[in-house]
Amino acid sequence: MSPILPIELCTWGGEIPQATQVAATDALEAGSVLFFPNLSFELTETERAFLSPEIVGSSKNVNYDPKSGKVGGANVAAMKLHELRGLMDRFATATRELLSTLLPTYRNGLHQARTSLRPVEVAGRKQTWRKDDTRLHVDSFPSQPSRGKRILRVFCNVNPDGRPRVWKVGEQFDTVARKYWPALRAPLPGERGLLAAIRVTKSVRTRYDHYMLKLHDAMKLDPVYQARFASATHLFPAGSSWVCFTDQVSHAAVSGAHQLEQTFMVDVNALRNPASAPLRVLESLAGRKLA
Ligand code: SIN
Ligand code: FE
């Protein structure tokens with residue numbers, strides 16, 4: 001199986017043949033990245049002014065909650081905030097339309113989460129090791145337990161100077177999980193409840209969330225693993241988009257600036273092949289339910 005599946009699409013939504021829908025869903029669940037070389041997201045002249053590292057504070061991203069309409073992390077005047085919200089909301093709507101037509105089987109199990117604009121150059125960014133996404137990892141949110149749900153993300157490179165976003169893509173989830181599983185420590189008694197009580201997490205981590213974060217950490221802290229995939233790079237050109245389950249695909253962002261991203265959470269039961277979910281893979285290694 002190829003790690004990247006190119007798909008010809010140039011609109012966010014609209015008719016998609018059933019064979020393409022099925023192939024896209026199966027490839028995603030098998031751990032591929034769906035790549036749309038000609039799916040761009042147009043910005044107006046005024047919106048292009050937001051493509052500057054100066055519009056964000058220490059969080060490095062502008063974030064947007066499509067449910068409440070709230071914009072966070074932006075360092076812009078109140079008047080401009082309205083335009084920025086408009087841009088974020090248009091991308092949120094476009095990605096929702098794309099997924100509802102491309103992945104119709106997920107319709108009842110698809111939950112839209114945060115939208116982000118990432119205007120800061122990835123290469124050379126000062127980060128703690130845990131936040132350093134130039135190291136290969138699978139996504140796991142430290143403060144927001146997914147409780148077994150999948151993390152599906154839509155990315156669009158909106159770089160105005162034609163620069164690509166460069167990723168590394170590692171190996172299959174079950175290979176990675178099997179490799180690190182023996183080294184992942186079990187949660188301590190009371191640990192997950194305590195983290196929620198002192199608000200480190202927004203809800204109580206399930207055992208699944210605990211092990212996924214441990215796996216994320218183990219990958220980022222392993223220099224041998226990082227070195228092995230040093231040359232496994234993929235270029236996503238300006239004006240292209242891509243979609244993958246980032247809790248499953250071993251990935252790293254090497255370089256690039258100016259990207260839009262939309263996160264969706266997907267119920268494991270909505271998958272065509274639930275056995276491919278990290279939850280089910282880890283449960284088979286643990287020999288017990290984890291969420
Ligand atoms: C990540 O999810 O690790 C970062 C992806 C990106 O910003 O390109
Ligand atoms: Fe990531």
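What you see below is based on every heavy atom in this structure, not just the backbone, and it leaves out hydrogens, waters and symmetry mates. When a ligand or atom number is given, it counts from 1 through the structure's own listing order.
- Atom 6 (C) of ligand 1 has Q259 NE2, 3.2 Å as its closest protein atom, hydrogens excluded (heavy atom only).
- If you check each of R135, H137, E261 against atom 3 (O) of ligand 1, the one with the closest non-hydrogen atom is H137.
- For residue D139, an N/O/S atom approaches the Fe ion (ligand 2) to within less than 2.8 Å.
- Annotation for ligand 1: atoms under 4.0 Å from non-hydrogen atoms of R118 are 4 (C), 5 (C), 6 (C), 7 (O).
- Atoms of ligand 1 found under 4.0 Å from any heavy atom of A253, numbered from 1 in the order shown, are 5 (C), 6 (C), 8 (O).
- Summary of contacts: the protein heavy atom closest to atom 1 (C) of ligand 1 is H251 NE2, 3.5 Å.
- In this pair, F236 and W242 present their aromatic rings parallel. The plane angle is below 30°, not in the 30 to 60° band.
- Within the model, atoms CG of D209 and NE2 of H216 stand 13.0 Å from one another, a figure rounded to the nearest 0.5 Å.
- Between S116 and E261, the side chains place a donor N or O and an acceptor N or O closer than 3.5 Å (distance only, hydrogens not considered).
- Minimum interatomic distance between R185 and H210 (heavy atoms only, all atoms of both residues): O-NE2, 2.8 Å.
- When hydrogens are left out, the protein atom nearest atom 8 (O) of ligand 1 is R165 NE, 2.7 Å; that is the closest non-hydrogen contact.
- K220 and D217 are not joined by a salt bridge, as no carboxylate oxygen comes within less than 4.0 angstrom of a charged side-chain nitrogen.
- Under 3.5 Å, the side chains of Y106 and D267 contain no donor-acceptor pair of N or O atoms.
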